[in-house]
Every structure is written in C-alpha cells, then in structure tokens.
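The figures here come from the full heavy-atom set of this structure, side chains too, leaving out hydrogens, waters and symmetry mates.
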Amino acid sequence: MARPETIDRPAPARARRGQHPGIALTVIATTQLMVVLDVTIVNIALPHIATALKFSTTNLSWVINAYALTFGGLLLLGGRIGDILGRRRTLICGVLLFCLASLLGGLATAPWMLLGARALQGVGAAVASPTALALIATNFAEGPARNRAFGVFSAVAGAGGAIGLLAGGMLTSWLSWRWVLFVNVPFGIAIALLAPLYINDSERRPGHFDLPGALTGTCGMVSLVYGFIRASESGWTDTWTLGSFALAVLLLTTFVLIEARSVQPITPLHMFRDRNRSGSYAMMLCLAAALFGIFFFITLFVQDILGFSPLRAGFAFLPISAAIIVAAQISARLQIRIGPKPFMVTGSLLVTGAVAWLTRIDVHSSYVGGVLGPTLMFGFGMGSIFVPILITAVSGVAAHESGSASGLLNTMQQVGGSLGLSILVTVFGTASRNAGRQQTARFLAQATPGQAAAFRRSGQLPPPYADQVLAHGIASAFEMGLVFAVLAALLAIFVIRPRQPAATAAAAESQDSPPMAV
C-alpha cells in the first residue's frame with residue numbers, strides 16, 4: 001500500500017535522459033521559435049492588416065505593442081508560475097493559450113479583435129517562454145549534452161527574427177495576412193501533444209504569485225503607451241491623453257510600492273542597485289526603442305513607398321538579421337579576451353550612426369542607397385551589444401537570481417521597445433499631420449477642379465503627395481530614434497564600468513539564458 005505522503009505529494013516525472021533527447025529538444029526549441037517568431041512575422045503583414053481592418057498608421061503600432069507589452073510585462077510572472085505549478089504543465093498551458101489567441105487573431109474582423117488576440121498571445125508567450133528555457137536543465141544532464149541543448153536553443157532564439165520576416169513575407173504573399181497567425185496553431189497543438197510524452201516535469205517550489213505587481217506594472221505601461229499614441233492623433237491637451245498619463249503615473253507608482261514591500265516580488269528592485277546592471281537595463285530600453293522603430297517604419301517604407309511585395313520585403317530585412325547573428329557570434333567569442341565594454345561602446349556608436357543615416361530617408365531614397373547601408377550598420381551594432389549586455393546584466397548576481405537578472409533584461413527589451421515605438425509613432429503622427437497640411441495645399445494649388453473634388457470626397461491625397469507625407473513622418477520618427485541611440489551610447493561610455501576579462505569569462509560561463517529575440 002502506498003504511503004500517505006506519496007499520494008499527497010506525487011513526484012514529478014523523472015528525466016528519461018538519453019531515450020529521446022532529440023524530440024525533447026525539438027519540442028522545447030519549437031516553443032521558443034514560435035514566441036520569438038511572432039515578434040517579427042507580423043511586421044511584414046502590417047500594410048495588409050491596415051488595409052483589411054482599416055487601421056490608421058499610428059494605431060497600427062498597437063499590433064506590435066499589444067503583444068510586446070503583455071509578453072514583457074508578464075514574463076517574470078510566467079517564470080514564477082512554472083516554478084510553483086511545474087514547468088511542463090505551465091509550458092503546455094502557455095502554448096495552448098498562445099494557439100487559441102493566434103486562431104482568434106487570424107479570424108479577426110475588426111481592429112479591437114486583433115489587438116485583443118495579440119495581447120492574449122503575449123500572455124501565452126510570457127507563460128511558455130521562460131519555462132521552455134528552464135526545462136532544458138530538467139531534461140538534459142549537466143555537461144556537454146546540456147551545453148549543446150543551450151546552443152541549439154540560443155541559435156533558434158537568434159535566428160527567429162529572420163525566420164519570422166521570411167515566413168511573414170511568404171505567408172502574406174502566397175495566402176493572406178491571416179496566415180501569419182494561423183501558422184502557430186498546428187505547431188502549438190503538436191507541442192501540447194508531444195510535451196507530456198517526451199518532456200519531464202520539474203520539482204515544484206513553494207511560493208506565491210505576485211499578481212498585484214504584475215497587473216499594476218503591465219497596466220501602467222499599457223496606459224503610458226496609450227497616452228503617447230493618443231497624443232499622436234488627438235494632441236497633448238486631449239482629455240483621454242492626459243487621463244491615460246495620469247493613470248499611468250498612479251499605476252506605476254503603485255507598482256513600485258508593491259514591489260518594494262513584497263516578500264517575493266515579480267521585479268526584484270535590488271537588482272537595480274548595481275551601476276553596471278542598471279546601465280545595461282537602461283541601454284536595452286533605449287536600444288529596443290530603436291530596434292522596434294526600424295522594423296516598424298522600414299516595413300512601411302519598403303512596401304508603401306518602394307512598392308515591395310511582402311515576400312520581397314521579407315528578403316529586404318535578411319541583411320540586418322544576418323548582420324546581428326554574425327556580430328553576436330564574433331562578440332561572444334572575444335568576450336574573454338576583450339571584455340564587454342569595448343563591444344558595448346562600439347556597437348552603440350554603430351547604432352547611433354545607422355539611425356542618423358536613416359534620418360536622411362526621403363521619397364527618393366532607394367533600397368540600396370537609403371535602406372541597406374544603414375540597416376546593415378545597425379545590425380552589426382546591435383549584434384555586437386547583445387552578448388556583452390547580457391553578461392553585464394548577470395555579472396555578480398547570485399546563482400539563484402541569475403534567472404531574474406536575465407529575465408529583467410528581456411522584459412526591458414519588450415517594454416522598452418513598446419514604449420519607444422509609441423514615442424516614435426507620436427513624433428511620426430505630429431510630423432505627418434504638419435506635412436499633410438503642406439502637401440494638401442500644394443496639391444490643391446496644382447489640381448484640376450475634378451481632382452480637387454475627388455480629394456474632398458475621399459480625403460486621400462494622390463500617391464506622390466501621400467508618399468511625401470509618409471516619408472517625412474518616417475524620417476522625423478528616426479530623429480527621435482536617434483535620441484534613444486545617443487542615450488544608449490552615452491550609457492555605454494560613461495555608466496558601464498570596464499570589467500576584467502576573467503570576471504567576464506566567469507559571468508559568461510555562469511549564465512544560461514539565450515540571446516534576446518531579434
């Protein structure tokens with residue numbers, strides 16, 4: 001007869017290491033690929049989504065932000081859920097929620113339906129992603145097997161952005177924009193079916209969920225982002241704009257107070273006491289703003305102004321993804337000899353130069369002359385920074401807190417990208433309105449009576465004039481992006497202190513988190 005404690009506390013499924021390691025790793029890596037891929041796969045479909053669901057250009061950014069905000073805001077809570085309830089179960093629940101949200105998003109017939117689905121996708125991703133990484137330690141023995149598994153996981157995380165851009169282009173061109181969401185469903189169902197068979201669960205740890213912290217933090221960021229996007233359309237004195245900013249201040253202040261008093265906070269505030277770690281978090285916040293802005297606005301430029309098809313637009317982004325991957329590999333190999341600071345300084349200066357180059361974009365810019373050069377420079381800069389900024393974030397952190405330190409960095413990337421994109425969209429909206437008035441006056445001065453009457457009925461400027469407005473707005477947005485890039489460079493130069501290569505090597509060996517999504 002079984003002992004009572006065996007019934008009350010069933011042991012988790014033990015690792016069947018060596019039996020089916022390939023299948024287990026494939027399931028885990030595919031989970032991460034889905035999560036990373038959805039950061040970029042939707043970018044290519046944005047112009048088609050705008051046309052189908054009648055999004056304005058400024059509100060279109062919510063298709064990206066709704067996912068990134070819930071993903072980043074709940075990422076640390078997702079890791080805590082896996083620790084308390086069991087990582088395999090949490091992974092399956094997160095993947096199924098992600099699939100359901102993808103299906104609902106693909107079926108959306110109105111903007112609010114798509115945005116709700118994207119937010120729900122972010123929740124599913126926040127639950128699934130941290131547990132996928134943690135399950136590698138559960139399913140692979142320490143040593144070469146685990147190191148190889150982490151290598152595969154990191155490669156998938158690094159290449160996911162490029163795969164998403166190509167997949168988004170192919171699906172949008174060959175099927176429709178809805179398939180950039182539908183494609184997740186069969187993969188998610190396969191993961192949910194295979195995970196119980198080939199992935200072993202983890203020990204459950206006692207603890208509690210910091211739901212008040214997660215909700216106030218996430219809702220505060222949503223309110224702040226909404227305030228910026230509302231201001232881009234309705235102005236800074238609009239009642240809803242001012243109300244959303246006031247609500248954001250209230251919620252974020254409450255969030256800090258909750259975290260300061262919580263026994264098990266979702267965001268350990270003491271992580272920010274270290275100068276280097278705080279500097280790396282602030283750098284990621286600024287760099288993510290520039291990264292999200294480039295993906296968003298260059299997508300609009302190459303499709304709406306240069307006339308690229310979605311597939312061609314996907315290929316147009318391959319150089320930046322390739323540059324990021326190559327530069328990341330080089331910087332990773334040279335960390336032990338050189339240390340992180342030279343790469344952080346050089347990378348941030350390359351990013352600054354690239355964004356400054358993009359501020360010169362206009363309606364006459366070609367892909368080779370106006371897009372390829374600066375995006376390649378940007379890719380090499382970002383790739384040089386990813387590994388050293390992760391090492392700096394986890395350096396000197398106790399082993400049991402390394403997950404929180406690297407998780408905070410990923411959170412900073414998603415939240416910083418959303419906040420930065422909303423600010424860039426605000427600048428874009430203001431500049432576009434001013435340029436629109438000028439181009440409208442110019443058009444009406446040159447138009448025939450019939451053309452003027454057609455414009456008054458539709459409210460739409462003909463392509464040559466509309467392209468001028470769009471290009472001017474994009475260039476203005478990149479001017480704001482340049483501010484973020486300069487701030488990142490200043491942080492790298494003056495805030496991040498040099499570390500000895502030996503300390504850097506020890507930090508690199510102790511951390512087991514994948515590179516950030518690109």
Side-chain angles (χ1 to χ4, degrees), residues 26 29-55 57 60-64 66-67 95 98-111 113-115 117-118 120-121 124-125 155-191 292 294-322 324-325 366-368 371-372 375 379 463 470 517-518:
T26 299
T30 302
T31 301
Q32 182 65 10
L33 179 61
M34 276 203 320
V35 170
V36 173
L37 184 143
D38 252 69
V39 176
T40 58
I41 192 172
V42 174
N43 269 280
I44 299 299
L46 286 175
H48 292 258
I49 292 173
T51 301
L53 300 185
K54 295 180 172 53
F55 274 96
T57 303
L60 191 62
S61 63
W62 276 110
V63 179
I64 306 299
Y67 179 78
V95 167
F98 189 88
C99 286
L100 174 62
S102 298
L103 180 63
L104 294 175
L107 296 173
T109 57
M113 295 174 66
L114 178 59
L115 297 183
R118 287 288 285 169
L120 194 61
Q121 271 189 312
V156 167
I163 295 171
L165 292 167
L166 276 180
M170 290 187 291
L171 291 169
T172 305
S173 292
W174 297 342
L175 296 171
S176 83
W177 67 266
R178 298 181 183 276
W179 279 93
V180 301
L181 298 165
F182 287 150
V183 70
N184 294 317
V185 177
F187 287 101
I189 292 174
I191 291 170
F292 277 46
I294 283 182
F295 275 105
F296 182 81
F297 288 109
I298 293 298
T299 297
L300 298 181
F301 183 83
V302 298
Q303 292 191 67
D304 290 348
I305 294 180
L306 298 185
F308 283 19
S309 68
L311 181 58
R312 191 179 177 190
F315 278 105
F317 277 101
L318 274 186
I320 184 175
S321 298
I324 289 174
I325 294 170
S366 65
Y367 171 72
V368 174
V371 175
L372 180 59
T375 54
L470 181 59
V518 296

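Side-chain contact check for Phe187 versus Thr31: every heavy-atom pair is 4.5 Å or farther apart. Here the side chains of Val180 and Leu175 are not in contact, with every heavy-atom distance at 4.5 Å or above. Taking 4.5 Å as the limit, every side-chain heavy atom of Ser176 sits out of range of all side-chain heavy atoms of His48. Counting only heavy atoms from C-beta outward, the side chains of Ile49 and Val42 approach each other to under 4.5 Å. Side-chain contact check for Thr299 versus Phe308: every heavy-atom pair is 4.5 Å or farther apart.
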Review item, side-chain donor-acceptor pairs of residues 163-174, under 3.5 Å, at least two apart:
from	atom 1	to	atom 2	distance (Å)
Thr172	OG1	Gly168	O	2.7
Ser173	OG	Gly169	O	3.0
Ser173	OG	Leu311	N	3.0

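In this structure, the ring pair (Phe, Tyr, Trp, His ring centres under 6.0 Å) partners of Phe317, at least two apart in sequence or on a different chain, are Phe295.
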Start with the C-alpha gap between Trp179 and Asn184, add the side-chain angles, then the distance that decides, and say whether side chain to side chain contact (heavy atoms under 4.5 Å, CB included) holds. CA-CA 9 Å; Trp179 279 93; Asn184 294 317; over 6 Å; no

Please assess Leu181 against Gln121 for the test side chain to side chain contact (heavy atoms under 4.5 Å, CB included), listing each intermediate value before the final yes or no. CA-CA 10 Å; Leu181 298 165; Gln121 271 189 312; 3.8 Å; yes

Ile64 vs Leu46, side chain to side chain contact (heavy atoms under 4.5 Å, CB included): CA-CA, chis, key distance, verdict: CA-CA 9 Å; Ile64 306 299; Leu46 286 175; 4.3 Å; yes

Side chain to side chain contact (heavy atoms under 4.5 Å, CB included) evaluation trace for Leu114 with Phe55: CA-CA 11 Å; Leu114 178 59; Phe55 274 96; 4.1 Å; yes

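Between the Arg118 side chain and the Tyr67 main chain, no donor and acceptor come within less than 3.5 Å of each other. In terms of modelled atom types and a separation under 3.5 Å, the side chain of Tyr367 and the main chain of Ala316 share a donor-acceptor contact. In this structure, the side chain of Gln303 engages the main chain of Ile44 through a donor-acceptor pair within 3.5 Å.
In this structure, Arg178 forms no cation-pi arrangement with Phe182, as its terminal cationic atom is not both closer than 6.0 Å to the ring centre and no more than 45° off the ring axis.
Looking at every heavy atom in both residues, Phe296 comes nearest to Ser61 through CE1-CA, 3.7 Å. Nearest heavy-atom pair across Leu115 and Val63 is CD2-N, 3.6 Å. Nearest heavy-atom pair across Trp177 and Ala45 is CB-CB, 3.8 Å.
Rounding to the nearest 0.5 Å gives a distance of 11.5 Å between CZ of Phe297 and CG of Asn43. For the atom pair Ile191 CD1 and Cys99 SG, the distance stands at 7.0 Å (nearest 0.5 Å). Going from atom CG of Leu300 over to atom CD1 of Ile305 covers 8.5 Å, rounded to the nearest 0.5 Å.
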